[in-house]
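Okay, structure first, notes after.
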Amino acid sequence: MQLLTDEIKRRMFSRVFIFFSCLFALGGCVSNDEPMPEIVHSSGSESILIPPRVVSPKRSQGSAYNNIPRDWFPPSQLEKKWVAVVIHHSATENGNAAIFDRMHREHNHWEGVGYDFVIGNGTDSGDGEIEVTFRWRKQIPGAHCGGTANNWANRDGIGICLVGDFSHTVPTARQMQSLLKLIRFLQKRYGISKSRIYGHKTTPGARITDCPGRRFPMARLKSMLNY
Ligand SMILES: [Zn+2]
């Protein structure tokens, strides 16, 4: 009798052992090969799926200008009303604000670089790096688009120069990203619509020029602006 009972116990134990071994093997396959949803255990015994993380927009005085570099904002006591943006290329393979500043002083006898902003192409400044010049900081007229009636484009237009010769090449992706960000900021701050975003050569009244180069993607740029 005792022998019989031991035999039954042994068989039951071995069946239970095989059952749990199979379960373990199956579980191992799933967790190794299949991406599983992330599960956390709440304080109770239930498991819950983690929802997508929601990040609330920061509420601050400058919330409309999040991630805008401080030097894009002119000193408030000097800030004037701007009505247009004029885009240029440097027509050189390389350069930066300091190099153009020297060129414009020495060759053109201007008081310094003619543009308000210079966007680098990775040669003499970072690829897509935006340099702010003394003209923007002082809010004084530019020297980038001569010939217009009453010099309006220099007086009331913001001059942005992208380093590069877009008669032969195109701006880098980072230059275009930076240009878009800068133009969107200027549009918002001064209420400039995209009909007032000009390439140098299409600025009303400007002298004949190829600037910013026939390969500059003006139509694509405008298609990415909202208004
Ligand atoms: Zn130009």
Side-chain angles (χ1 to χ4, degrees), residues 72 80 82-125 127-172 174-187 190 192-222 224-225:
W72 291 12
K80 56 167 275 189
W82 298 91
V83 302
V85 170
V86 182
I87 299 169
H88 305 263
H89 69 158
S90 66
T92 58
E93 288 179 7
N94 58 302
N96 61 25
I99 290 170
F100 303 145
D101 190 76
R102 195 163 58 243
M103 280 171 52
H104 290 173
R105 283 175 197 276
E106 292 175 1
H107 297 285
N108 302 12
H109 306 292
W110 297 341
E111 59 179 311
V113 60
Y115 313 111
D116 295 286
F117 298 92
V118 176
I119 304 182
N121 65 350
T123 54
D124 293 310
S125 60
D127 185 7
E129 179 183 343
I130 300 182
E131 294 180 281
V132 180
T133 79
F134 78 101
R135 290 189 191 267
W136 187 251
R137 284 195 294 274
K138 293 183 177 179
Q139 294 283 282
I140 59 176
H144 54 87
C145 187
T148 63
N150 297 321
N151 201 28
W152 77 264
N154 280 327
R155 204 188 54 225
D156 301 323
I158 303 160
I160 302 174
C161 176
L162 284 76
V163 179
D165 184 348
F166 309 136
S167 304
H168 307 293
T169 61
V170 292
T172 69
R174 288 188 177 188
Q175 280 183 302
M176 290 304 292
Q177 280 169 12
S178 297
L179 179 63
L180 261 177
K181 180 175 176 177
L182 178 57
I183 287 179
R184 285 175 177 149
F185 164 76
L186 296 170
Q187 283 190 295
Y190 302 108
I192 300 172
S193 70
K194 62 175 151 185
S195 63
R196 288 283 195 149
I197 310 291
Y198 300 111
H200 183 177
K201 64 182 168 188
T202 54
T203 306
R207 296 193 189 101
I208 293 173
T209 173
D210 184 46
C211 181
R214 62 185 172 81
R215 298 194 64 189
F216 180 83
M218 183 59 86
R220 185 159 63 87
L221 173 73
K222 293 225 177 172
M224 296 169 89
L225 300 173

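This is a predicted model, so every value here is computed, not measured. Because only heavy atoms are used, hydrogens play no part in the values below, and waters and symmetry mates are left out as well, while side chains stay in. All ligand and atom numbering here is 1-based and tracks the order in the structure.
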### Heteroatom N/O/S of H144 within less than 2.8 Å of the Zn ion (ligand 1)
no

### Summary
ND1 (H200) to the Zn ion (ligand 1) to SG (C211), nearest 10°, is 110°

### Task
Tell me whether the centres of the aromatic rings in H89 and F216 are closer together than 6.0 Å.
no

### Query
Is the H88 ring parallel, tilted or perpendicular to the Y115 ring (thresholds 30°, 60°)?
tilted

### Message
Counting backbone and side-chain atoms alike, is an N, O or S atom of H88 positioned under 2.8 Å from the Zn ion (ligand 1)?
### Response
yes

### Side chains of F134 and I140 in contact at under 4.5 Å (non-hydrogen atoms)
yes

Under 3.5 Å, sequence neighbours excluded: what are the donor-acceptor pairs made by side chains of residues 116-124?
from: D116; atom 1: OD2; to: G159; atom 2: N; distance (Å): 2.8
from: N121; atom 1: OD1; to: T123; atom 2: N; distance (Å): 3.2
from: N121; atom 1: OD1; to: T123; atom 2: OG1; distance (Å): 2.6
from: N121; atom 1: ND2; to: E93; atom 2: O; distance (Å): 2.9
from: D124; atom 1: OD2; to: N94; atom 2: ND2; distance (Å): 2.7
from: D124; atom 1: OD2; to: G95; atom 2: N; distance (Å): 2.9

